[in-house]
Amino acid sequence: MNVPVHYRIAGASASEIAASIEAGVRASRLTPGARVPTVRELARRLRVSPATVAAAYQRLRARGLLAGQGRRGTRITHRPPLPTRSPLDVPAGLRNLADGNPDPRQLPPLPSLPRERLPRLYGRGAQLPELVDRARRQFAADGIGGDVAVVSGGLDGIERVLAAELGPGDRVAVEDPGFTGVLDLLLALGLVAEPVRIDDEGPLPGDLERAFGTGVSAFVVTPRAQNPTGAAIGEKRARELRSVLDRRPDVLVVEDDHAGPVSGAPVTTLCPRPERWAVIRSVSKSLGPDLRLAVLAGDPALVARVEGRQRLGMGWVSHVLQRSVVALWDDRRVTERFTVAASHYDGRRRALVEALERRGIAAHGRSGLNVWVPVPEEAAAVTALAERGWAVRAGEPYRLRTPPAIRVTVSTLKPSEAERFAADLAASLRPARSAPTVR
Ligand SMILES: Cc1ncc(COP(=O)(O)O)c(C=O)c1O
């Protein structure tokens, strides 16, 4: 793909040229994957020196907007860190199985908080001791010690840990397929993703070992409710992975336990480790994404760095949110509902996986909110399903080297709908599957 002719990159200095390209990406006039002109070509066109254009491209590369260079050309990255489109472009009228959300009916109402006698001011403790105390006890019950920090959600925790320990150009082992948020974040931080294939039991130990051979500095892993495949690490796989990790104590391990008690799989962990580890537990799926809160356990040096940096920017996670989580965790009616929610999601995943199986379609969904269905062609499957009234996510943003699939969020999918969905997917795959082989 070449630069669309209707977008003219402009500018007389490196910063103007970089700003012009960034504006083109933001306005979706330079699309992900598009090739930008060579340094010489653009320099000639803009009547500036090649060094000026090279400096502009270097700036954009560092920001994660451009990738590659040399003979294969420099391109707009597939996931530039800009809001190029709304994350949820579900056309009106389609049944939305695309958004990865929990079922709102499985989330508790916000608690009413007792009024504080005095408003909170600057200069007080960042963490609410009651929250840290409860988090520490929950981690300890799973054999996880370390220090505890409070962050603004799972992805915020991952970002803070990676930013505290790594620098641009560092390689990070990630699940393939894996959560788009993490893949996009790596690009935005100038980090390089090294894919590790997974099965229903989590990352493949041999693949992790191979990734370590490429010089990775960190490994981001989802122990359960893996997004998009639903993989959950069992005890045996955890032992195998630990033995690979034990040989590399220098590698930072970041565990993203984003669905926690509603994931539908028991806790397994590859942590704690002697150093360089963090386990992040978000409340987004169990209490609601709008609480924007996660608790993070990690080795003391790492937690201190995360907290130190946090204080310079946002300062602390609002005590309104911290107190809300404490109130919800202290309410037995809320915590007892976690088991109900977990089995609700379990039932929804099973209904879809079994309905697909009856039609000869293999799918994955051991835990979590999504089912991952390998298909021969993603775009064709997504379009055919949309014609039949369903919105699902194409697998492409989740994949690095693994084959095509679609992601179906099942949190609100009733079993009767699962049957209809499976029949529609089977019908839409049929022509592609029965087409004669072209030699
Ligand atoms: C695997 C995974 N990690 C992290 C997150 C983000 O969670 P949070 O809302 O806590 O940032 C998500 C959101 O769906 C997710 O699927």
Side-chain angles (χ1 to χ4, degrees), residues 79 87-88 96-104 106-107 131 135 149-163 172-186 188-189 193 196 198 202-203 218-233 253-265 267-269 278-297 306 310 314 317-318 321-322 324-325 328 341 345 349 364-372 392-393 395 397-400 407-412:
R79 302 186 182 88
L88 277 184
N96 185 352
L97 306 179
D99 63 10
N101 263 310
D103 181 350
Q106 299 301 322
L107 299 174
L131 178 65
V150 182
V151 291
S152 298
L155 203 53
D156 179 61
I158 297 171
E159 171 166 14
R160 289 181 181 285
V161 168
L162 294 177
V172 179
V174 290
E175 296 149 338
D176 182 14
F179 176 44
T180 47
V182 167
L183 300 179
D184 293 353
L185 181 63
L186 296 189
L189 294 173
V196 174
I198 58 172
F219 174 37
V220 180
V221 57
T222 321
R224 48 186 175 167
Q226 201 267 353
N227 183 2
T229 68
I233 302 179
V253 174
V254 186
E255 263 180 24
D256 174 16
D257 191 10
H258 73 110
V262 301
S263 45
V267 183
T268 42
T269 176
V279 178
I280 301 164
R281 286 197 177 151
S282 169
V283 304
S284 286
K285 307 301 180 318
S286 53
L287 300 179
D290 194 44
L291 283 165
R292 305 309 312 134
L293 190 141
V295 288
L296 179 158
V306 165
Q310 189 185 36
M314 64 184 295
V317 174
S318 164
L321 302 177
Q322 298 197 49
S324 299
V325 171
L328 290 166
Y345 296 130
R349 287 190 317 272
H364 303 269
R366 248 192 92 186
S367 61
L369 310 181
N370 303 293
V371 166
W372 182 247
V392 299
R393 285 295 294 268
Y398 301 85
R399 302 187 288 107
L400 292 167
R407 190 195 74 163
V408 187
T409 301
V410 296
S411 31
T412 62

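Side chains are part of it too, since the values below use all heavy atoms of this structure and drop only hydrogens, waters and symmetry mates. Whatever order the structure lists them in is the order used to number ligands and atoms, beginning at 1.
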Exercise. Do any N or O atoms from the side chain of Asp176 and from the backbone of Leu400 form a donor-acceptor pair under 3.5 angstrom?
Worked result: yes
Problem set entry | Side-chain heavy atoms of Leu321 within contact of Val150, under 4.5 Å | no
Exercise. Going by atom types only, do Gln106 and Ser411 share a side-chain donor-acceptor pair under 3.5 Å?
Worked result: no
Seminar exercise, completed: By chain and number, the residues contacting ligand 1 below 4.0 angstrom (heavy atoms only) are Gly153, Gly154, Leu155, Phe179, Asn227, Asp256, His258, Ser282, Ser284, Lys285, Arg292
Seminar exercise, completed: Quick note, salt bridge (Lys or Arg N to Asp or Glu O under 4.0 Å) partners involving residues 282-292, not counting sequence neighbours, are none
For this session: For residues Ser263 and Arg224, report the shortest heavy-atom separation together with the two atoms involved.
Result: OG-CD, 3.1 Å
Problem set entry | Gly368 to Arg349 - nearest heavy-atom pair and separation | O-NH1, 2.8 Å
